[in-house]
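For reference, the structure discussed in these notes is given below.
Model, not experiment: these values are computed from the prediction. In each ligand, atom 1 is the first atom listed, and ligand 1 is the first ligand listed.
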Amino acid sequence: MSYTLLRAEGFGSVCIELALELLGQAYERVEADPLGSEADKACIREINPLVQIPTLKLPDGRIMTESASILIYLGDLDGQYTLAPRPNDVARVEYLRWLGFLSAGLYSTFTISDGPERFHPDPATHDVLLEQANERRKQLWIVMEAAFADSKGTFLLGDTMSLLDIYVAMMSYWSPRRDWFETHCPRLLAAVRACEQNPIVRSVFERNYTEDFKPVPA
Ligand SMILES: N[C@@H](CCC(=O)N[C@@H](CS)C(=O)NCC(=O)O)C(=O)O
């Protein structure tokens, strides 16, 4: 048995595809768009009542949801800690802090964008809600950029790529979109560009961000 990942092009499943491939884990990709057809939604609902992706079925049949939790789980599962700082590594604090920040802060704003009616029943309010969610994302990126502005190393936690870099790289393509990210988050962008030199990252981004992925030559 291998992993089964419910995924859709460009969605939050991208970081789990990356983690599994970078760690050399076999997995099956099942197309399931949470904003798509009723059949897709039913397929997700069967194992995740929130009808969100990423949703991952582990080889033993257990289900995991929540992107940051899945990343932490997979990063620790690899006994070599190739993509995560070890529990006693000083970088572990930053790793956990910013994975949580992105998940609870930034990613949660997409729960508004993907269904503003869940937050206000009047459709007249939805444009404002979408706009505010986007503004909030910008504020959060600026906070994270400032926190890493003076950090040294090719990646965010030093000279080794971690799943934190992968999470940032995935979200750098989302609203407020890559052009905004490139202008306002130069330190984060440098780490993302370094990730994008990795052939596995390139191939996963090529199939997920077909329009937007324009890798910078090494
Ligand atoms: N907290 C979840 C959020 C997942 C999430 O919002 N995924 C989006 C796709 S990128 C989704 O499924 N949206 C559909 C919806 O919220 O109804 C996580 O971190 O994995």
Side-chain angles (χ1 to χ4, degrees), residues 3-21 27 29-58 62-77 83-84 95-121 123 125-126 129-134 136-138 140-141 144 162-178 180-181 192 201 204-205 207-213:
Y3 293 90
T4 304
L5 177 65
L6 303 193
R7 55 92 64 187
E9 188 178 314
F11 281 42
S13 41
V14 174
C15 64
I16 311 302
E17 290 178 33
L18 277 168
L20 290 167
E21 294 193 26
Y27 75 108
R29 291 197 294 273
V30 173
E31 300 299 323
D33 181 345
L35 306 174
S37 68
E38 282 311 314
D40 277 19
K41 288 182 193 165
C43 162
I44 305 170
R45 190 177 293 111
E46 223 170 87
I47 54 174
N48 179 357
L50 286 184
V51 196
Q52 291 184 329
I53 59 169
T55 295
L56 182 69
K57 195 173 188 180
L58 304 185
R62 285 177 298 163
I63 304 300
M64 273 201 88
T65 65
E66 309 313 317
S67 50
S69 305
I70 300 171
L71 290 177
I72 294 166
Y73 175 76
L74 293 174
D76 286 2
L77 207 59
L83 292 174
Y95 175 71
L96 293 176
R97 175 181 175 191
W98 294 102
L99 282 175
F101 175 90
L102 290 171
S103 161
L106 211 129
Y107 205 161
S108 65
T109 65
F110 287 95
T111 307
I112 301 173
S113 311
D114 288 350
E117 71 286 352
R118 294 184 283 212
F119 293 86
H120 202 296
T125 66
H126 292 173
L129 278 177
L130 298 182
E131 209 174 294
Q132 287 307 110
N134 205 36
R136 177 70 177 161
R137 287 192 276 273
K138 290 180 184 171
L140 294 166
W141 277 130
M144 187 166 178
S162 78
L163 293 171
L164 177 62
D165 299 291
I166 293 297
Y167 207 33
V168 170
M170 171 182 78
M171 291 187 186
S172 72
Y173 285 93
W174 295 355
S175 167
R177 314 279 308 164
R178 185 64 175 225
W180 184 92
F181 186 85
V192 170
V201 176
V204 172
F205 278 6
R207 72 166 172 261
N208 274 285
Y209 298 125
T210 37
E211 303 276 298
D212 296 331
F213 182 52

Problem set entry | Qualifying residues under ring-ring contact (aromatic ring centres under 6.0 Å, His included), relative to F101, sequence neighbours excluded |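 Listed in chain order: W98.
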
Exercise. Does NZ or CZ of R207 fall inside the cone over F213's six-membered ring, less than 6.0 Å from its centre and within 45° of the axis?
Worked result: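 Checked: cation-pi criterion not met.
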
Problem set entry | Close side-chain approach of E17 and L5, heavy atoms under 4.5 Å |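 Yes - at least one pair of side-chain heavy atoms lies under 4.5 Å apart.
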
Problem set entry | Near-ring test Y173/F205, centroid separation under 6.0 angstrom |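 Yes, the ring of F205 comes within the 6.0 Å limit of the ring of Y173, centre to centre.
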
Exercise. Charged N to carboxylate O under 4.0 angstrom, D33 versus K41?
Worked result: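 Answer for the salt bridge query: no.
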
Can you pull every nitrogen or oxygen pair between ligand 1 and the protein closer than 3.5 angstrom?
| from | atom 1 | to | atom 2 | distance (Å) |
| --- | --- | --- | --- | --- |
| ligand 1 | 1 (N) | E66 | OE1 | 2.6 |
| ligand 1 | 6 (O) | Q52 | NE2 | 3.4 |
| ligand 1 | 7 (N) | I53 | O | 2.7 |
| ligand 1 | 7 (N) | Y107 | OH | 3.1 |
| ligand 1 | 12 (O) | I53 | N | 3.0 |
| ligand 1 | 13 (N) | D114 | OD2 | 2.9 |
| ligand 1 | 16 (O) | Q52 | NE2 | 2.9 |
| ligand 1 | 16 (O) | R118 | NH1 | 3.4 |
| ligand 1 | 16 (O) | R118 | NH2 | 3.0 |
| ligand 1 | 17 (O) | R118 | NH1 | 2.9 |
| ligand 1 | 17 (O) | R118 | NH2 | 3.4 |
| ligand 1 | 19 (O) | S67 | N | 3.1 |
| ligand 1 | 19 (O) | S67 | OG | 2.7 |
| ligand 1 | 20 (O) | S67 | N | 2.8 |
| ligand 1 | 20 (O) | S67 | OG | 3.4 |

Exercise. Picking from F110, W174, Y107, F181, what satisfies side chain to side chain contact (heavy atoms under 4.5 Å, CB included) with R137?
Worked result: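 For R137, the side chain to side chain contact (heavy atoms under 4.5 Å, CB included) test succeeds with only one of F110, W174, Y107, F181, which is F110.
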
